[in-house]
Amino acid sequence: MHAVTFTRSTPDTAARVWVDEDGAVTWGDVATVVNPWDEYSLEETIAQSKSGGGESTVIAIGSALHNDALKHSLAMGIDKALRLEEAGADMKDSLVWSAMAAGAIRKLGDVDLIIFGKESVDVGTDQHAYQLARRLGWTMLSYVSRIVYADYSERRIQVERAVEQGKQTVSAALPAVISVLKEINEPRYPNFLGIRRAAKAEIPVWSAADMNVALPRAGTTALRFLNPPAREISTEILAGADVNATASALAQRLFEEKVL
């Protein structure tokens, strides 16, 4: 049994992000973190590989920036890490990304289950997971809040999905691609031995040629990035004799400003 997950390094969600003088998006010298949604997919990949008596692999697509996320994944307990990069290709374009990802899965050859986090916070999308499933011809099961069972010898999986009306239980043949919600588990913290192991790990890098992949043309092109326009903000502190007086003054100001 072989479970694979994908991860990436992203700016901390509390970090200030802006466009610098060269027109590039930056967050200064603030350290990156593992994409927060991937904490749950990493944990579930470890759990499924152990319960299935197999192995786990984590893959990042892009520059060496993502090595930190891969090291964190190894420290948590993932068995192997791999990074995919192609010079000159737009690794953020989902068509290019999914082509690279599909090439890696085919080269690994023995993958039973691919697990994604709900989305990537830096690009704000999950379409890459669906595109990978389509390229592989595998079933896509999204918004999974619980894996009811996974029988790797019988090649079947049953999951509980969160839908607008409540919960939906569905089953599918393996191999499959799933995306998980935070309800699925409680991610572990890397321990000292895991951190030491990860620090010593050498992470292989595969190119499109290594995987015999012909990359498609990027479907999107970023023309430029702009900072949002500055807004003038003024603050007014209202004080009254008591709470009621202050509340009345606040209500009056809101009416005057036509907020209410």
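Position 1 is the first residue of the sequence; numbering continues from there. Only heavy atoms go into these numbers, but all of them, side chains included; no hydrogens, no water, no symmetry mates.
- Panel note: side chain K118, backbone Y40; no donor-acceptor pair is recorded below 3.5 Å.
- For Y149, the OH atom sits in a packed shell: over 12 heavy atoms of surrounding residues, nucleotides or ligands are nearer than 6.0 Å.
- The number of heavy-atom neighbours closer than 6.0 Å to NZ of K50, taken from other residues, nucleotides and ligands shown, is 12 or below.
- Annotation: side chain of T26 is not in contact with side chain of E21 (no heavy-atom distance under 4.5 Å).
- Other residues, nucleotides and ligands place no more than 12 heavy atoms under 6.0 Å from the CG atom of N212.
- With hydrogens and angles ignored, the 3.5 Å screen pairs a side-chain donor or acceptor of D242 with a backbone N or O of A245.
- The environment of R156 atom CZ is dense: over 12 non-hydrogen atoms of other residues, nucleotides or ligands sit within 6.0 angstrom.
- One N or O on the side chain of S9 and one on the backbone of A69 form a donor-acceptor pair closer than 3.5 Å.
- The CD atom of Q127 lies 8.0 Å from the CG atom of L95; values are rounded to the nearest 0.5 Å.
- Heavy atoms from other residues, nucleotides or ligands lying under 6.0 Å from CD of E256 number more than 12.
- Interatomic distance, OG of S56 versus CD of E44, reported as 12.0 Å (0.5 Å rounding).
- Side chain of S120 to main chain of D122: no donor-acceptor pair is present (N/O by atom type, distance under 3.5 Å, no hydrogens or angles).
- For the 3.5 Å distance criterion, the side chains of S142 and Y130 qualify, holding a donor opposite an acceptor.
- Between R146 and E183 there is no salt bridge, since no side-chain nitrogen of the basic residue lies less than 4.0 Å from a carboxylate oxygen of the acidic one.
- When the shell of 6.0 Å around NZ of K167 is examined, it contains more than 12 heavy atoms from other residues, nucleotides or ligands.
- The closest side-chain heavy-atom distance from R188 to E43 is below 4.5 Å.
- The environment of R134 atom CZ is sparse: at most 12 non-hydrogen atoms of other residues, nucleotides or ligands sit within 6.0 angstrom.
- Listed here is the closest heavy atom pair of R83 and A64: NH1-N, 3.3 Å.
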**Study point:** Chi angles and distances behind the side chain to side chain contact (heavy atoms under 4.5 Å, CB included) call for R8, L65
**Key:** CA-CA 8 Å; R8 60 191 291 110; L65 168 74; over 6 Å; no
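- Relative ring orientation between F116 and W97 is described as tilted, the plane-to-plane angle lying within the 30° to 60° band.
- Taking the side chain as every heavy atom from C-beta outward, H128 and K92 never approach each other to under 4.5 Å.
- Looking only at distances, no side-chain donor or acceptor of T139 sits under 3.5 Å from a matching main-chain atom of A176.
- Residues K182 and P187 are not in side-chain contact: their nearest non-hydrogen atoms beyond the backbone lie 4.5 Å or more apart.
- Checked by atom type, the side-chain pair N35/T10 shows no donor-acceptor distance below 3.5 Å.
- Side-chain atoms of V180 and N185, non-hydrogen and from C-beta on, never get closer than 4.5 Å to each other.
- Checking Q168 against Y143 by side-chain atom types alone, no donor-acceptor pair falls below 3.5 Å.
- Here the OH atom belonging to Y152 is positioned 8.5 Å from the OG atom belonging to S49, to the nearest 0.5 angstrom.
- Of all non-hydrogen atoms in M100 and L84, the two that sit nearest each other are O-CD1, 3.5 Å.
- Under the 4.5 Å side-chain criterion, counting only non-hydrogen atoms from C-beta, V121 is in contact with P36.
- Residues D79 and T57 have side chains not in contact (no heavy-atom distance under 4.5 Å, counting atoms from C-beta outward).
- Through side-chain heavy atoms spaced under 4.5 Å, either directly or across other Ile, Leu, Val, Met, Phe, Trp or Tyr residues, M76 is tied to V34, L42, I46, V58, L70, I78, I203.
- Looking only at side-chain heavy atoms (C-beta outward), V144 and I184 come within less than 4.5 Å of each other.
- When hydrophobic clusters are built by joining Ile, Leu, Val, Met, Phe, Trp and Tyr residues whose side-chain heavy atoms come closer than 4.5 Å, directly or via intermediates, L113 is not grouped with V111.
- The hydrophobic clustering, which links ILVMFWY residues whose side-chain heavy atoms are closer than 4.5 Å, places V4 and L174 apart.
- At distances below 3.5 Å, not a single donor-acceptor pair connects side-chain atoms of D22 with backbone N or O atoms of A24.
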